[in-house]
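First up is the structure itself, then whatever we jot down about it.
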Amino acid sequence: MHIISSRLELRLLAAVLTMTSVGALSAQDQGTADPNIVVNGAIPAAPAAAPVATAPGPEIKGIITARHDDKIKVTGDDGTSTVVAVNDTTRVKGGGGLFGGSKLATNSLLNGLPVTVKTMQSGDGLVASQVNLRKTDLKTARMIRNGTAQGFDEQTAATESLRGRMGDIDKYNIKGTTNVHFDTGKADLSSQDKAELCSTATAAQGQENALMLVVGYTDSTGGDDLNQALSEKRAARVINYLQQACHWKPYRMLTPTGMAKADPLADNSTPEGKAQNRRVAVNILVSKSVDGL
């Protein structure tokens, strides 16, 4: 009897141990921490929410003068620059035809393109809802970007050599210079100025390998910072008109320069002299290395 009882107790003890082991495993499955296991990690951050357009913004007309990531800078004919964001919802239209989706839209917005941008307010900035451009301008801009033609290579080299300075002007033959003049503190073009600019562009079109260098000036009135900004604004106004109204190609335009009151044409001590110095000079240049080709 004692032997049978002992065997029964052993079986009961084994059953209890089995149930305890199963329960422990079940508890671990339900999330009980094992002190022998250490897990290091971080909760991934939630993706940043895209800016939300809240209200219609202004319509902006001008030329794309800079591009960085998802932002473009558009400079108007008054010299004012506006930064606009582009995103997956931005539509790009050209000459009555739609240029595809967002990827194509991003690739199509190149420097030098004249555009009209419809915008929406988004926080403290603007988002482009639609960008309108001309097919012919897009074709030209793509040719510039590809840079396969001899003329584009020559223009790139010329632009780099003249960037921000006039020290290498002796490498070019000046084929002609047209000066347009301005009122004190102003950057507005008169009807006569506009006609002369287009006449200059037409004449330059007939000259093989011709480039334009546009340089803005002021008289001695006002401070240096003000005159520098004004000379650049005048140069930008002339460039925009030459490209938009006179159809001068962007790839044939050298980097513009604002010279403020430097290099006056006349004496700044007289009203007549100051009037001559408030100008933008449009220079038609041909590199000496290709002149006559």
Side-chain angles (χ1 to χ4, degrees), residues 60-63 65-66 73-82 112 114 158-204 207 210-246 248 250 252-286:
I60 301 168
K61 294 183 179 181
I63 291 177
T65 54
K73 179 187 287 186
V74 180
T75 301
D77 59 6
D78 62 353
T80 301
S81 295
T82 305
T159 298
E160 290 301 320
S161 68
L162 285 176
R163 187 176 301 277
R165 60 193 176 91
M166 296 286 288
D168 293 333
I169 194 67
D170 59 341
K171 295 181 180 179
Y172 296 83
N173 290 327
I174 301 177
K175 296 298 186 179
T177 299
T178 298
N179 287 302
V180 295
H181 295 88
F182 301 85
D183 293 334
T184 302
K186 303 294 184 181
D188 300 321
L189 293 171
S190 67
S191 298
Q192 180 179 350
D193 291 334
K194 292 177 180 178
E196 289 180 358
L197 287 174
C198 285
S199 178
T200 299
T202 299
Q207 300 188 45
L211 307 172
M212 277 191 186
L213 175 65
V214 175
V215 186
Y217 299 90
T218 68
D219 61 23
S220 59
T221 304
D224 291 342
D225 291 342
L226 177 64
N227 283 331
Q228 182 61 42
L230 182 58
S231 65
E232 293 174 0
K233 185 175 181 179
R234 287 170 174 170
R237 175 67 65 87
V238 169
I239 287 174
N240 287 345
Y241 192 81
L242 283 168
Q243 294 181 174
Q244 295 177 3
C246 306
W248 185 257
R252 299 180 70 181
M253 185 75 70
L254 299 180
T255 301
T257 302
M259 295 293 288
K261 61 184 180 182
D263 299 333
L265 281 180
D267 189 353
N268 267 312
S269 65
T270 66
E272 294 79 12
K274 288 183 176 181
Q276 292 185 55
N277 294 331
R278 297 189 298 267
R279 72 194 191 280
V280 167
V282 180
N283 302 283
I284 300 174
L285 306 178
V286 175

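Here the structure is a predicted model, which means the values were calculated and not measured. Values below: every heavy atom of this structure, side chains too, minus hydrogens, waters and symmetry copies. Index from 1, following the sequence.
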Next item on the list: Please collect all salt bridge (charged side-chain N to carboxylate O under 4.0 Å, His left out) contacts where either partner lies in residues 257-266, sequence neighbours excluded, each pair once.
Entry: Asp224-Lys261
Next item on the list: Specify the closest pair of heavy atoms between Tyr217 and Asn277, including all atoms of both residues, with the distance to one decimal.
Entry: CB-O, 3.5 Å
Item checked: Partner set under side chain to side chain donor-acceptor pair (under 3.5 Å) for Gln276, not counting sequence neighbours -> none
For residues 194-201, which side-chain donor-acceptor pairs fall under 3.5 Å, sequence neighbours excluded?
| unit_1 | atom_1 | unit_2 | atom_2 | d |
| --- | --- | --- | --- | --- |
| Glu196 | OE2 | Gln192 | NE2 | 3.2 |
| Thr200 | OG1 | Thr178 | OG1 | 2.8 |
| Thr200 | OG1 | Glu196 | O | 2.9 |

Check: Taking only residues two or more places apart in sequence, or in another chain, which ones meet Thr184 in a side chain to side chain donor-acceptor pair (under 3.5 Å)?
Finding: Arg278
Check: Residues in side-chain contact (heavy atoms from CB on, under 4.5 Å) with Ala204, at least two apart?
Finding: Met212, Trp248, Ile284
Notebook entry, point to check: At their closest point, which heavy atom of Arg252 faces which heavy atom of Gln207, and how far apart are they?
Noted result: NH2-O, 3.4 Å
Margin query: Could you work out, with side-chain contact (heavy atoms from CB on, under 4.5 Å) as the rule, every residue matching Gln228, not counting sequence neighbours?
Written below: Ser231, Glu232, Ala260
Next item on the list: Taking side chain to side chain donor-acceptor pair (under 3.5 Å) as the test, write out the residues that go with Asp78, two or more places apart.
Entry: Thr80
Item checked: salt bridge (charged side-chain N to carboxylate O under 4.0 Å, His left out) contacts in which one or both residues fall within residues 267-277, not counting sequence neighbours -> none
Next item on the list: Applying salt bridge (Lys or Arg N to Asp or Glu O under 4.0 Å), name anything that partners Arg234, two or more places apart in sequence or on another chain.
Entry: none
Checklist line | Over all atoms of both residues, closest heavy-atom pair of Gly273 and Thr270 | finding: N-OG1, 3.0 Å
Checklist line | Set of residues satisfying salt bridge (Lys or Arg N to Asp or Glu O under 4.0 Å) with respect to Asp188, sequence neighbours excluded | finding: Arg237
Margin query: Taking side chain to side chain donor-acceptor pair (under 3.5 Å) as the definition, give me every residue that meets it alongside Asp193, ordered by chain and number, with sequence neighbours left out.
Written below: Ser190
Next item on the list: Return the set of residues passing side-chain contact (heavy atoms from CB on, under 4.5 Å) with Leu226 (not counting sequence neighbours), or none when no residue passes.
Entry: none
